[in-house]
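Here's the structure, in structure tokens; my notes come after.
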Amino acid sequence: LGNWIGNRIHFFQEIESTNDGAFQLALGGADEGTVVIAESQTKGKGRLKRQWQSPPGCNIYTSIVLRPEVDPVFAPQITLMTGVAVADLLSLYCPGSVTLKWPNDVQIRGKKVCGILTEMSSSAPKKVNFVIVGIGVNVNIDRADFDESFRDIATSLKDEVGSEISRLDLIAKLFDNLENLYTLLRKDGFGSIKDMWLKYSDVVGKQIRVVFNDNVQAGEVHGIDDFGALIISDENEIIKRVIAGDAS
């Protein structure tokens with residue numbers, strides 16, 4: 001699988017969280033490109049401390065160790081890059097129907113099919129020790145098996161395509177895509193990846209509302225900056241950066 005992403009794979013029938021497993025391996029000196037894959041997670045992690053539903057035998061739960069030589073403030077580029085890698089992959093199965101929702105959701109026809117959780121270890125303020133890229137893709141889970149609370153807002157590749165998908169093919173292509181985009185990011189910088197992300201997100205010019213804890217920010221989207229923040233203008237045409245939250 002892949003040239004160097006996926007060269008070393010740690011496979012688990014069950015694990016609490018692939019991100020936690022990869023984090024521990026990275027602390028122990030695991031090489032860049034080391035991958036953790038699990039059949040199921042007992043404490044799968046979503047963003048903002050949410051749980052990621054992780055039943056066995058149907059989906060992809062994987063985390064990758066990266067060691068980018070960047071300042072920590074640029075680490076969010078990795079999340080957006082991963083979104084593009086997943087969107088490119090899923091577009092092979094559902095052309096024209098895949099979109100990216102800031103900051104880390106991949107959707108098919110407006111329903112969430114993949115979540116991305118990146119976690120970083122840094123020696124502040126100038127050194128990233130490593131970044132763990134966690135990816136959960138709903139591949140063959142049936143709609144009836146989704147938790148009721150998000151059955152109407154989530155989907156799976158099988159649901160959208162109408163047939164079972166080979167998870168092995170999918171994860172091999174995923175690691176290839178990630179490797180290609182990560183190489184591009186290191187060689188040429190964030191510019192072209194940012195353009196790809198914006199093409200999939202179709203968010204520029206739209207009105208957006210972002211909720212983070214008790215804080216709500218709303219306005220028109222102008223794009224994203226090199227730190228992965230949304231650039232919006234509020235009703236007084238004041239330009240603001242939004243760095244975290246749930247967008248709608």
For A247, does its backbone N or O pair with a side-chain atom of K101 as donor and acceptor, under 3.5 Å? yes

Answer yes or no: is there a side-chain heavy-atom contact under 4.5 Å between V65 and I132? yes

Whether the side chain of S40 engages the backbone of P56 through a donor-acceptor N/O pair (distance < 3.5 Å, no angle test) should be reported. no

Going by heavy atoms in the side chains, are I78 and L185 under 4.5 Å from each other? yes

Can you name the closest pair of heavy atoms from N177 and A85 and give their distance? ND2-O, 3.1 Å

Whether the T34 and H10 side chains hold a donor-acceptor pair (N or O, under 3.5 Å, no angle test) is what I'd like checked. no

Can you check whether T18's main-chain N or O pairs, donor with acceptor, with Q41's side chain at less than 3.5 Å? yes

Any donor-acceptor pair under 3.5 Å from W102 side chain to G228 backbone: yes

Test item: F74 and V128 side chains (from C-beta on) under 4.5 Å apart, heavy atoms: no

Measure from the side-chain N and O atoms of E179 to the backbone N and O of W4, and report whether any donor-acceptor pair falls under 3.5 Å. yes

I64 and F12: same hydrophobic cluster, using ILVMFWY side-chain contacts below 4.5 Å? no

Pair E119-L117, side-chain contact (heavy atoms from CB on, under 4.5 Å): steps then yes or no: CA-CA 7 Å; E119 297 181 290; L117 179 67; 4.2 Å; yes

Side-chain heavy atoms under 4.5 angstrom apart, residues restricted to Ile, Leu, Val, Met, Phe, Trp, Tyr: same cluster for I165 and L174? yes

side-chain contact (heavy atoms from CB on, under 4.5 Å) evaluation trace for D142 with S156: CA-CA 7 Å; D142 289 315; S156 69; over 6 Å; no

hydrophobic_cluster_shared for V133 and L100, side chain cutoff 4.5 Å: yes

Transitively linked via ILVMFWY side-chain contacts under 4.5 Å: I141 with I116? no

Any side-chain to backbone donor/acceptor pair from R67 onto A26? Under 3.5 Å, distance only. yes

Can a side-chain donor-acceptor contact be found between N59 and S54 if the only test is distance below 3.5 angstrom? no

Using modelled atom types and a 3.5 Å cut-off, is there a donor and acceptor pairing between side-chain atoms of Y61 and backbone atoms of P55? yes

Derivation and outcome, side-chain contact (heavy atoms from CB on, under 4.5 Å), residues L157 and N138: CA-CA 6 Å; L157 204 49; N138 298 328; over 6 Å; no

Over 12 foreign heavy atoms within 6.0 Å of CZ, R186: yes

As a quick check of understanding, evaluate side-chain contact (heavy atoms from CB on, under 4.5 Å) for C94 and R109, giving each step before the final call. CA-CA 9 Å; C94 300; R109 290 182 258 276; 4.3 Å; yes

With distance as the sole test, does R151 use its side chain to make a donor-acceptor pair with the main-chain N or O of F146 at under 3.5 Å? yes

D214 atom CG: more than 12 heavy-atom contacts under 6.0 Å: no

Would you indicate whether the side-chain heavy atoms of I153 and K111 approach each other to under 4.5 Å? no

Can D147 and S149 be counted as having a side-chain donor-acceptor contact under 3.5 angstrom? yes

State, to 0.1 Å, how close R167 and N140 come at their nearest heavy-atom pair, and which atoms those are. CG-ND2, 4.2 Å

Closest non-hydrogen contact found for C114 with I135 is SG-CG2, 3.8 Å

Here the gap from F175 atom CZ to L89 atom CG, rounded to the nearest 0.5 Å, amounts to 11.0 Å

Nearest heavy-atom pair of G223 and L198: which atoms, and what distance? CA-CD2, 4.2 Å

Interatomic distance, CD@E16 vs OG1@T42, rounded to 0.5 Å, equals 4.5 Å

Please name the pair of heavy atoms, one in V73 and one in F227, separated by the smallest distance, quoted to 0.1 Å. O-CD2, 3.5 Å

Would you call R143-D152 a salt bridge at under 4.0 Å N-O? yes

In terms of the angle between their ring planes, are F130 and F23 parallel, tilted or perpendicular, with boundaries placed at 30° and 60°? perpendicular

Nearest heavy-atom approach of F190 to D225 is CE2-O, 3.7 Å

T62 side-chain N/O to V36 backbone N/O, donor-acceptor pair under 3.5 Å: yes

Ignoring hydrogens and geometry, is there a side-chain-to-backbone donor-acceptor pair from N213 to N215 under 3.5 Å? no

